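FYI, the numbering just counts along the sequence from 1. Heavy-atom basis, side chains included; hydrogens, waters and symmetry copies ignored. Owing to the predicted nature of the structure, the values given are computational and were not obtained by experimental measurement.
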Amino acid sequence: MIDLTLHDSGPRSLRVREFYLGRQPILDRNQALFGYELLFRNAPVGPANITDDLSATAAVIAHASQLGMEKTIGDALGFVNVDASVLMSDIFSFLPREKVVLEIVNTMPATPEIVTRIRELASHGFRFALDDVTGENEDVLALLPLVDYVKMDMRNIPLSTLSKLAPRFRQEKKKLVAEKVETREEFKNCLDLGFDYFQGYYFSKPVIMSGKKLSPSQLAVMELMTLVTSDADNQEIERAIKRDVSLALNLLRLVNTPAVGARQRIDSLSQAVTILGRRQLQRWLQIMLYAEPSKRGHSMTPLLMLATTRGRLLELLAGKLRHNQREVADIAFTVGIMSLMDTLFGIQMDEILEQIPVGDEVRDALLHRGGFYGDLLKLMECIERIEEMDNHIVPTLRDLAMSTDELVELEMAAFEWSDNVVRYAL
């Protein structure tokens, strides 16, 4: 890790040693993953008198880039907020220009210096987005020709205003990004208005359908998971997999992803069962519920990404906090993966748990966010919703006796692992 000193306008210098990181998915009109907005927050390691948040974040961006921006965003684009101080700095040598969109904050006046600087960076291949646009003021009109994307926050703009602004910006050939999309209705409204991209957690909120049961293929995976966790012998497990051709093919594809780390290619189901072992096999079956392309198409990619990231990060956190307790890490992975199954199946979590046998600790974590695993899951949810919940992260880390530096390194590893799984699973 590097230490960066960033000078503000006064004599005081701000040393940023610790930060934490959130990434929010940005989806296209088909709900496939397009990019992530990267949200960096400074941990309050000193007096909380930092007035220039984003300038402090500039050091953090450099920090994260040293860790590896590729790990953070995979094949997607990374949207990063910049203010005037950041724009005028030399931070950009750290950022891969082909992978990054710089978001101009809505509080930044479009001075001649700023306009010149944006033009210069654009000539070097950087792309820009105007963030949180609510109307057409002088600054917006001055910056509009220089940007590719216009972002509008669903919380800040009434639908009537949105209906006027969206066609206006589309006429200028700008790509429109709807932020804070929290409901299916908001998503549909923005689709109808011609928005190109959507940011928010509408896709991970369960649409509960009463009386819904698991499909035959989902039940097949569930039954197989039960065989795997019980004392069934390998041949019985293998026969169960072979009864469902698509299950067998998907499993072979998944177990050959780089994320598995097998030393040799796994070509047969008996190999998969033998080489992977029970715990690993259970893990890939859990992932397969989210990665069944023939049933759900690309729209499940963000949910698969979210579930695998949750599972892996909870596993890594548990491994760090409970050394040499492999079973604890495995249970944490299961809690992370299962925490989105109500969204996946459209069934209440308590009903799902009636169909899938789980231990009391897993049940308590999933239903009540209780116990050790519940604490890890709450931390994960705070990170995902870092804008509204960042004040909960540091106290939770303190309770877990973990530093923000440790958290970010584990996050990077989880992001990279999840990206590998999704890339090869679909």
Side-chain angles (χ1 to χ4, degrees), residues 1-8 14-26 33-43 50 52-108 110 113-132 143 146-151 174-175 177 179 197 199 383 386-387 404-405 407-409 411-416 418-419:
M1 300 282 277
I2 54 170
D3 259 349
L4 288 162
T5 303
L6 185 74
H7 293 278
D8 64 9
L14 168 70
R15 188 171 286 279
V16 180
R17 284 195 180 86
E18 292 201 323
F19 69 97
Y20 40 90
L21 162 69
R23 63 173 197 177
Q24 291 189 349
I26 300 172
L33 187 70
F34 172 69
Y36 291 105
E37 179 168 0
L38 300 180
L39 299 157
F40 301 96
R41 293 289 185 274
N42 296 313
I50 300 163
D52 198 343
D53 247 5
L54 280 164
S55 293
T57 301
V60 170
I61 294 170
H63 225 152
S65 299
Q66 290 288 314
L67 282 171
M69 195 65 89
E70 298 295 317
K71 288 182 185 177
T72 316
I73 56 177
D75 285 339
L77 278 181
F79 284 67
V80 180
N81 278 268
V82 293
D83 67 356
S85 332
V86 178
L87 267 179
M88 303 312 284
S89 74
D90 59 358
I91 189 76
F92 299 98
S93 58
F94 288 102
L95 294 173
R97 62 203 66 190
E98 70 286 351
K99 302 280 289 180
V100 167
V101 176
L102 303 173
E103 288 193 21
I104 302 165
V105 297
N106 64 337
T107 51
M108 182 168 63
E113 294 80 13
I114 289 294
V115 170
T116 302
R117 177 63 169 155
I118 291 172
R119 278 210 183 95
E120 179 195 348
L121 289 168
S123 72
H124 290 138
F126 284 101
R127 284 166 288 177
F128 290 87
L130 261 183
D131 192 23
D132 209 5
L143 294 169
L146 306 172
V147 305
D148 292 319
Y149 303 90
V150 173
K151 297 186 80 177
K174 304 302 167 190
K175 296 287 186 187
V177 185
E179 293 185 279
Y197 304 110
Q199 182 179 341
I383 292 165
I386 203 168
E387 286 182 303
T404 51
D405 276 357
L407 173 64
V408 168
E409 291 200 32
E411 272 192 279
M412 293 283 189
F415 289 158
E416 184 178 32
S418 176
D419 182 60

With sequence neighbours excluded, what pairs up with [X] under the side chain to side chain donor-acceptor pair (under 3.5 Å) test?
| X | value |
| --- | --- |
| E113 | T111 |
| R119 | none |
| D75 | R423 |
| E416 | none |

In Å and rounded to the nearest 0.5 Å, what is the [atom1] to [atom2] distance from [X] to [Y]?
| X | Y | atom1 | atom2 | result |
| --- | --- | --- | --- | --- |
| Y149 | R127 | OH | CZ | 5.0 Å |
| K151 | F79 | NZ | CZ | 6.0 Å |
| L143 | I104 | CG | CD1 | 5.0 Å |
| E98 | L77 | CD | CG | 9.5 Å |
| D131 | T107 | CG | OG1 | 9.5 Å |
| Q24 | E37 | CD | CD | 6.0 Å |

Notebook entry, point to check: Does the K99 side chain pair with the main chain of G74, one donor and one acceptor, at a distance under 3.5 Å?
Noted result: yes
Checklist line | Residues which pass side chain to side chain contact (heavy atoms under 4.5 Å, CB included) with A76, listed by chain and number, not counting sequence neighbours | finding: L33, Y36
Notebook entry, point to check: For E120, what residues pass the side chain to side chain contact (heavy atoms under 4.5 Å, CB included) criterion, not counting sequence neighbours?
Noted result: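 R117, H124.
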Note to self: With side chain to side chain contact (heavy atoms under 4.5 Å, CB included) as the criterion, how do R23 and I73 come out once you've worked through the C-alpha distance, each side chain's angles and the decisive distance to 0.1 Å?
What the structure shows: CA-CA 8 Å; R23 63 173 197 177; I73 56 177; 5.7 Å; no
Note to self: On a heavy-atom basis, which atom in D132 and which in E179 lie closest, and how many Å separate them?
What the structure shows: N-OE1, 3.9 Å
Check: Nearest heavy-atom pair of V82 and V86: which atoms, and what distance?
Finding: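 Closest approach of V82 to V86, heavy atoms only: CG1-CG1, 3.7 Å.
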Next item on the list: Quick one: do D148 and V101 satisfy side chain to side chain contact (heavy atoms under 4.5 Å, CB included)? Show the steps, please.
Entry: CA-CA 9 Å; D148 292 319; V101 176; over 6 Å; no
Notebook entry, point to check: With a 4.5 Å heavy-atom cut-off, do I114 and L87 have their side chains touching?
Noted result: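 Of all side-chain heavy-atom pairs linking L87 with I114, at least one is under 4.5 Å.
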Next item on the list: Applying side chain to side chain contact (heavy atoms under 4.5 Å, CB included), run through V115 and I118 and close with a yes or a no.
Entry: CA-CA 5 Å; V115 170; I118 291 172; 5.9 Å; no
Next item on the list: Check whether more than 12 heavy atoms from other residues, nucleotides or ligands sit under 6.0 Å from atom NZ of K175, and answer yes or no.
Entry: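 12 or below, so no.
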